[in-house]
Structures are given as C-alpha cells and as structure tokens.
S.K.: 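I have a structure I would like to understand better, so I am pasting it below and will then ask my questions one at a time.
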Amino acid sequence: MAEAFIYDAVRTPRGKGKASGALHTVKAVDLLAGAFAALRDRNQLDTARIEDVTVGCVTQTGEQGSCIARTGVLLAGYDETVPAVTLNRFCGSGLEAVNGAAAKVASGFMDLVVAGGVESMSRVAMGSDGGAIWDPSMEFDYGIVPQGISADLLATLNGYSRDDVDRFALRSQQLAAAAMKRGAFDRSVVPVRDQNGRLMLDRDELPRADTTLEGLNGLKPAFQMIGVNFGVDALTQKRYPHVEHIDHVHTAGNSSGIVDGAAAVLVGSKAIGEQLGLKPRARIRAIAAIGDEPVIMLSAPAPASRRALKKAGMTPGDVDLWEINEAFAAVVLYTADQLGVDLDRVNVNGGAIALGHPLGATGAILLGTLLDELEARDKQVGVATLCIGGGMGIATVIERV
Amino acid sequence: MENKGFNVSFDAATGVATLTMAMPGKVNKINADFGNGFIAAFAEIQALAGLKGIIIASGHKDFCAGADIDFIYGQRDADALYAMVSELHAGFRALETCGKPVVALLTGSALGGGYEIALACHRRIAVEHPAIQFGLPEVSLGVIPGGGGTQRLPRIVGLQASLEILAQGKIVRAPKAKAAGLVDELCPDAESAHAAAVAWIAANPRAKQPWDDKRFVWPGGVQPDTGDARNLFAAGAAMLVKKTAGAYAAPEAAVKAVYEGALLDFDSAMQVEARYFVGTVVSDQAKDMIRTFWYHRNAVNAQANLPKIADARVQKVGILGAGMMGAGLAFVCAQRGYDVVLKDIRQDALDKGLAHIKGQIPKLAKHLSKDDQAALLARITGTLDVGDLAGCDLVIEAVFENLDLKHRVIRETEAVLGEDAIFASNTSALPIADLVKASIRPANFIGLHFFSPVEQMPLLEVITPGTTSEETLARALAFGRQIKKTSIVVNDGYGFFTTRFFSAYIMEAAQLVAEGHSPLLVERAARAAGMVVSPLKVFDEVTLSLAAHGFEMRKRYFDDDLDQAPGVRLIRKLVELGRTGKAANAGFYDYTSQPRRLWAGLADVVAELGAGTPAETGIDALQDRLMLAQVLEAARCLDEGILKSKADAEIGAIMGVGFAPNTGGPLAWMDRRGVRAVVTALDALAAAHGPRYAPPASLRAMAETGERFFEAV
C-alpha cells in the first residue's frame, strides 16, 4: 500500500458564532475559499495537480447547501479541473474528510487531495437542516435524545461531578490562553480579511482568559430544562433503566463553543511531494470510524482510537499527544479514562470548550493543532479523535516524518 | 330510497340540501351501512338542480358516535382493512372537494369517526351545550383515528394543539370547543345553528378546505419541517414517553402519523394515516383495550344481572371520618346534589376535612357559578355529634381499620338512623361479614369500597355478604350511578378483590427488593409493563405501616406462607426503622431531596435480612414477576368466587387500582401470555419461593384444556 502524508494544514481563526462575532458577516464559502487559497499560496501549489477536494460540513442547508466544497474551490481560484465533495459525518466530518483523502492517496488511486471543513454556525443554525434522526420514531423506538442529555448521562454514569467538568473547562481555558500567548496556533492560523484586504480576525475569538472556577460553577445547567421539564430524560430509561436521575452537569461553560471557521489540509503521496518540492510533515498511520450505542452517543472516541491504533500496531501508551474533541467536558474525561491516558498528554493547548467547535471543520482543525504541537515538542505520534452524533466516533493516528 | 337512515331534504329557496343521518337505532355509527347510505344520499344531493350548499345533520341526539366498535374489534386483516379505509377516505375527500360549501350542523356530540365527518366539512357549527362533546378519543381504545383525523385536525388547529388532542384522546365540551378550534361557531340552539349554517353557505359559495389551497399556511405558528416543528415533536414525543413509559402503541402511532403526514400533500398524508390506523387496529393491544374499555365497561355499567331500582331513596348522606377519603366522599356526594353530614370525633380533623373540601372547589368545581359553588359547600355540614346523623338515608363509615372501633361506630350510628337507612362500610379489607355482626339491621348493611382520591377514581367495589338484602344492593348501585362511579359487585372475603389484587402488586415489589433485585429496576419494570404507578412509590403513599397492620389482620383469614416471605420481613424492618412512607418523608424513597430518590440505605437493610444475588434480573424478568403475582391473585379471586365475573376482574383491576390498561387487564394478560405458560411460570416460582405462588386448580385445569378467559379475535 502507498502511504499518505500531510504536507500542510491551515485554518481560519474561530469567530464567535453569533451576530456579534467577527466572522458573522463572512459567508461560509468565503471562509472555506480563504483556507483553500492560503493552502495554495503558502505551498506555491499548482492546483491543477489536486485530484480531489473533500470537505466536511454538517449543516448543509441554505448557503452551506449544494456542495459548498465545489463553490469554495471555484472561489479560491483553484484550477477548474479540481473536483470537490461535501460530506457529513456530523462532528466527525472534518476528520472524515482528511481520512477519506488519506484513503484515496494511500490506495494509490490519487496522489494529491485537499481535505478540510467549514461551518459558519452564526449564519447557518445547527439543526436547521432537519434530518431523519429528528423523526419521533427515533425517540419512541430508540430513545434518541439531544446530545446535551447524552453528555449529562455520560457524566452521571461515570460519576463526573459538576465540579469535575467545570475544572476541566477551566483547564481548557487556561491552556488555550497560554497556547495563544506563546503563539502555538500561529503556524496554522491564516487571518480572515475582507475583499478590500481589511483584517477581520487573526486569532481565535472565543477563549476567555479570565475564566474562573467560581464563574463556571455559577452557570445554569444547559440541559436541565429539556431534560426534566420537557421529559427528555425519560427517553433514556429504555436503555438505561438503572439510572434514577440524570445529573445535569453541563453548561455553556463546560461544553464546546459555537463558532465560525474553516480549515484545509494538504494530503498527498510521497511521490507527489517530491515532484512538487513539498516536505511531508507527518505520515497518516491509521484511520478508523466506529459506531456505538446511540443514546449515550458520545462514547465512541475511545473504541475508534483503539481501532485505529490497532491498525497502526500501536497502543494508547505509544501516543505522545492526543486531541480529543471537547464537545462536552465529560467526553474528554470519559475517553481519557477509557483509554487509560493521562490528561497531561491530552488537549495540551486547550480545546473546543475554550476555542469553539465549528462542527464540520473541527476534525481538520484538531489534526493541524496536533501536528503543530508534535513539532513544537519534537514528539512523534499523535491521535485526533472526536465523538459524533448518532453514536459514532472517529480517529486518526499521525506520526511525524 | 335505498339509503335507509340517510334522508335528503332540499330547500329550493336557499339552494341548501340537508343530509340528515338517522340510522336505525339510537345512534349513527360508521360501518358498511353508513358508507352505503352516506354515499347514496350524497350522490342524490349532487344531482340536485340549483344546489348551493350542503348541511350534514343528525336525526339522533348525537351527531355521530364514531366507528362501529364491533367492526373495528373484528378486524385482523391489514390488507382488507386498508382497502376499506381508503374507500372511506375517498368518500370524505369527495365531500370536501365537491365544490359546494358543506357545513356540519353539530346539534349533538361528535366523537371519533363522527367528529372526522365534521372535519371533512368546510365549517363546523355547534350548539353550545356542556353535554355536547367533540374529540378524537381513539387512543383510549388502542387505535388512532382512521377517517382523516390525524391529518385534518393538525391542518385546522395546528400541529401543537392537534398533538395534545390526538395523543391524549382529549374530549372537549361544546362551550370550550370554539376556543380549542374544534368548531368554528357556537349557537345557543339547533334552530339558530341551522340558520347560521344557511347563512354561512350563502356567504361562502366557493368553499374549499384550507389544505386544498395552494397558499395554505399551517395554523398555530409552527410549519412542518422547521426547527420549531422538530422541537415540538421532540418535546411531544418525550412527554408522551415520560407519561406512558413506552407501553402504548396508539398515541405513538398518532404522533408518527401527524409528523409524517405533515411532510406530505393531503392525499398522500391520508395514506400515511391509513397505514398507522390499520397497524393499530389489527394489533393485540387494541383488541385487549377494546374488549375491556368498550365491552367489559359497558357490560359492567349495564349492571344487567344485578337488582335494579330507579330511586336509591337517598337524599342525605352521612360520612364518618373526615380524613382524605371521608372528606373526598363528602365532596363527591355534595357535588351530585346530596345533603351531607360529615362527622369526625376531633374538631381539628373535621376542620382539616372541611378545608380539603373547600380546596377542591377551584380544582374540581371551577365550572360552577359562584352561587352554585356556595350551594355545593352549603350542602355539607360538619359535626362531632353522632346525633346529627339522624335522618341520613345512607351512612358511609371511613374510620380507621380496626374491627372494635368499627363495631362501636356501627352501633352508635345505627342507633340514630331510621329503619330504612343503609349503613355502608368503606373498609378496604375487613370482611363485611365481620362488621355486620355489630349491626342491628344486617339487611341494610353493605360494603362500599371507594378508591383514593375518590374525586378522581372511577371505581366503586360493592361487597355483599349473605346478609345484605337485594334491595339494599339495588339502592347502593343506584347511589353509585348517581355519583358517577362504575360499580363492580363482589363477594365478601378479606381484602375483597381489589385490595388483595393491589397488595399482590406492591408486596411482590417488596419481595423482589428483598430478594436483592434493584429497587429502581423494579420501579422501571412496572412502568414499562404499563402499570399506572410504580409499586414502591405507591407503597410509600399507602404507607408501609398500614401494610404491616394488614399482615396482622390478614393472618386471621389466610393460612399461607406469606408471613414468612422476605418481602414481609423487609416491610416490617422498614417500619421498625421509622421508614413508614411518604407521610414520614422516609420509606422506600427518601423525600428530603427534591425530587424523591430511592433510599440509598435500602441495599444495606436488604443485605442484613440475608438477600443474596438474584440468579436472573433485568426489566423483562422483573416485569414478569410483578405481573404474574397480580394475575395469580385475580385467578384466585375468580377461583374462590370473590369475583363474580371476568369483566369485573378486568375493570376492577384497571379502574380501581391502576393495573396496566394497555394489557386489557389481568385475565387478558394471561390469555396473551397463554394460560399454560402462566401456570408453568407460577409453578417455577412456587418451587423457588414458596407455595404462595402456586396456581389455583381452576387455572391448572384451563392450562390443560387450553381454555382461554376470553375468546380470541
């Protein structure tokens, strides 16, 4: 089998996902095209050599509908021969895009693929695309609940208290602040400018360096209302009859932030790198996705990681750094517990709780963050993994070359 | 005319044709005759020259009672039923797309399919009378509307309002029906309603249904396939599951039909409804629910083989004991127009009872005028003096369950009553034969067992020892009808039927906990089986001390091994620890936190009593145990002659003590499981846990012959 290498990774800064956010007036496709353009420009790419573009985007409706990937390619000024596909594996989409690109390259079918993701959550509301999963049948027959309830259930089942998740959230804020201060994201982040070249945002907008534990402790549980008052907690009883009460520990402060952003990753074979004079930064050692019980929904990063590591002939102990998406604090605590991984090696530059989770882009962003930090620390092996709606997980193992 | 019962009249002056439904008998019901008659009459109308509009009216008291239940009950062939339903749909479609305005003239109640006829009209004009009702109560019989109700109603009242009506089978009285959107216009009487119909036809010559308009916008503010709609359905489904624990197929089918139908054009949506309708009609759950809530309930209410008297000769009712039950009874009697004397022995208890009654007014009598509310209260007199009971035609005692106390109360009360007065005991367990020993008028002595809260609970268990006269029974039944209770008449014996049956439920739960099963799983298993209230929760409410008291009382009447059962030991231990139930803030649950939580110390107590680890547990196994214990008690009560009819078993179990309505009752549950399988399971339980689980001989005989309690459909 041929190998797949990461040649570069770029991303936009993440803007607050609301009308007052710095990127709200930027169209989703412009965020994406900006990332594509940056990837081309800094690698002096002959885009005619790109054989496919795979883009993760979750809420594919409105301006994010109709294969935003191809429009992004055109707007970025890529060669017209470059095709593109938009895909949706919920929160795993950005990493799925990379994994799919890696599979195309590793199989030898293609040599150069751009992968990435985009989500303007301020412009296209989460959930506004509808979907089969919202059919009441799924509630009646399966007990499917909104993922905040799943997160609280996960915390309840594993004994993570409100204080545990708040402390983790504080850690995320502190690590993110420290990372930004020392420029840990500088290699990947490309500023977003308007059509006149005026700077709109050059650093992640969401983190709050002044976050305190007291402040976090004081926030209202985000899912208590739908869980208790609207009866949604009761749906979990079919699968979890032994849970008397769900402890609603998650808040806006210890869950991932809603943001706007895009990312692009250049994946190629060894040969194309040599031909184009590109230096590979890392090898994609293994990829995996997996399904798990859909009511708890958020438990699959650990089995996905294990599956990927097994393919790579590795164990969790061989991994120097982890990026476990901070969808909810409990997800990271649970995944690290399941894998037996010390938090010292997990999300060392903070995560989505502080920085935000632009659904379709996050997977690609995490991979870039991971690679940057492996280089900064001169470490070898990293894993990026995310929990995914519908009870799935995805993971990618990379190794520096 | 071949369309017998469907009369057409035509007023050439206004151009209004009236189709009057007056099927043979007292009611219009939807069956094959209805279809043929309606279609023929409609065809006749369409051929009329100068036709401007149509009024659909009823020649009976009700507009239309809905589908013929006999027809629905017999249906098992999904394909054949789908074809029939499609024809009905086409008929209703023809009505609403005929090009002329069609008005439903609702001079009487329109329920189920009857209301669906009205929905297929362009305008619903009703007489404003509280006895006239509208709604789609199909889910209470385990089915969903099949005449377009799940599609037309949401398009008329909006998604949210329709979900509430459809999933709960809600019925709305005429005065509130306009605000609820179920009718368009209310008129004081039939004449003015007719005039309004004629006027509306004249003013709306080209009426069509809103959903047949290309610019149709859903009413109620929520459009299908939007975020709002998804939130609405998600919350609606969740609330439903919270209430039903997923044990009922019909309300879920109704929600699904609305959701899926709302994504489609109207004609396609009707196909969706037809599929869900057919699915519920042919299901076992519908058969079991129809048998019990239609046939059995009607049979029990008909009181066919019971002595009948029109006048109970009761004007004044005495109630002894002003607790929850006594005060509730006083309210119920006063509500039905009786003068009531409420007696207690303590002023504070009496005051509390009277305060309870006052507190019920804004909840249960808010529809009455201020004057009527005041009159209701004025009918109740509180007293500490037994002499004030003089002149009562019926006295119901609701004092503490103690034989000596009851004897004393009977003696002192009967002494002031007239010769014709009835004395009734509301004991929930003591054999009436033991109470009657204190009576000077045994022929006038009867057991009237009410259920708490008596304001809501529909059942009355009437207990007749051999001494009760036919006339007393007849008067008691007439009184029961007057206070709107469904009566079952049972033979005397400790705990009668309902208390024995209910005890079997909560004691089996205690037994399971004592065996080491998770109390939470026991609770969840009961709800998943369809039980209305989970057993440990309700155990706390009836109090563990009362149960412990009951163990002592029942010993005198039963010679079995229950007293040695781990469950009994557990209850005694909890009482000893002061965990007597909800009133004490401590029982199986802990009530110091909000909401209540199962008491964390329970496991230690159970371990101390020597419980091991059960070999088999889980929701399914626990459900089986809880249900088996109850159906066994029902089988015994039949076997011993406590129960006189199988219908009484089903109605008493469900309406009295909240047995799973989705099953149709304990006997239907056995039929569904198979009596042979029930006997096998009980034998296994008896082997493992003692002879108290052994099935009675009659059940064993049924298992051998393959006999069922009810004929299969």
Side-chain angles (χ1 to χ4, degrees), chain A residues 58-59 61-62 65 121 123-150 152-153 156-157 159 223-248 258 294-295 297 389, chain B residues 163 167 224-249 251-260 262-263 276 517-528 534 589-590 593-600 617-620 622-623:
Chain A
V58 173
T59 314
T61 187
M121 300 178 75
R123 297 171 64 95
V124 184
M126 185 167 39
S128 59
D129 54 337
I133 198 155
W134 300 107
D135 191 307
S137 292
M138 288 303 287
E139 291 178 87
F140 293 137
D141 303 344
Y142 239 104
I144 291 286
V145 293
Q147 54 187 240
I149 301 293
S150 301
D152 288 341
L153 177 62
T156 303
L157 280 166
F223 308 103
Q224 174 109 19
M225 171 78 104
I226 54 163
V228 177
N229 300 12
F230 292 164
V232 173
D233 286 355
L235 292 170
T236 65
Q237 286 178 15
K238 196 170 185 161
R239 293 279 177 139
Y240 299 91
H242 51 288
V243 176
E244 186 175 14
H245 287 274
I246 294 176
D247 203 1
H248 291 287
I258 290 174
V295 176
M297 197 192 300
Chain B
L163 281 181
D225 204 14
T226 60
D228 282 350
R230 285 186 285 279
N231 289 339
L232 170 64
F233 279 100
M239 289 305 285
L240 183 62
V241 171
K242 188 177 181 181
K243 216 173 113 194
T244 63
Y248 295 82
E252 293 184 5
V255 174
K256 291 177 187 179
V258 173
Y259 177 83
E260 287 178 41
L263 301 173
Y276 280 111
H517 296 277
S518 150
L520 180 58
L521 284 193
V522 169
E523 296 285 80
R524 293 272 159 87
R527 294 281 289 124
S534 60
Y589 284 83
D590 202 34
S593 62
Q594 264 305 326
R596 77 185 104 199
R597 303 265 170 131
L598 280 158
W599 180 45
T617 192
I619 293 286
D620 293 345
L622 293 172
Q623 254 186 45

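Just so it is clear, the model here is predicted, and its values are computed rather than measured. Below, chain A is the first sequence line, B the second, and so on; all start at residue 1.
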S.K.: Is B:Arg527 close to chain A through its backbone or its side chain, or both, or neither, when contacts mean heavy atoms under 4.5 Å?
M.R.: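 For B:Arg527, no heavy atom lies under 4.5 Å from chain A.
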
S.K.: Which atoms form the tightest heavy-atom contact between A:Glu139 and B:Ala234, and what is the distance?
M.R.: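 Here A:Glu139 and B:Ala234 meet closest at OE1-O, 2.8 Å.
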
S.K.: Given side chains that start at C-beta, do those of B:Leu598 and A:Glu244 come closer than 4.5 Å, heavy atoms only?
M.R.: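 Yes, side chains in contact.
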
S.K.: For a quick test of reading the model, state the closest non-hydrogen atom pair linking B:Leu520 to A:Val243 and the distance between them.
M.R.: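 Between these two residues, the closest heavy atoms are CD2-C, 3.6 Å.
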
S.K.: Which atom pair, heavy atoms only, marks the closest approach of A:Pro241 to B:Ile619?
M.R.: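 Looking at all heavy atoms of both residues, the closest pair is CB-CD1, 3.7 Å.
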
S.K.: Please say whether more than 12 non-hydrogen atoms of neighbouring residues, nucleotides or ligands are located less than 6.0 Å from CH2 in A:Trp134.
M.R.: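 Count not over threshold, so no.
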
S.K.: Between B:Asn231 and A:Phe230, is there a side-chain heavy-atom distance shorter than 4.5 Å?
M.R.: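 No, every pair of side-chain atoms sits at 4.5 Å or beyond.
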
S.K.: I need the A:Asp135 CG to B:Arg230 CZ distance, nearest 0.5 Å.
M.R.: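 A:Asp135 atom CG to B:Arg230 atom CZ measures 11.5 Å (nearest 0.5 Å).
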
S.K.: What is the minimum heavy-atom distance between A:Gly231 and B:Met239, and which atoms define it?
M.R.: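 Closest approach of A:Gly231 to B:Met239, heavy atoms only: N-SD, 3.8 Å.
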
S.K.: Quick check: do B:Lys256 and A:Asp141 have side-chain heavy atoms less than 4.5 Å from each other?
M.R.: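 Touching, per the 4.5 Å side-chain cut-off.
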
S.K.: Side chain, backbone, both or neither: which part of B:Tyr259 has an atom under 4.5 Å from a heavy atom of chain A?
M.R.: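 For B:Tyr259, the contact with chain A is made by the side chain alone.
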
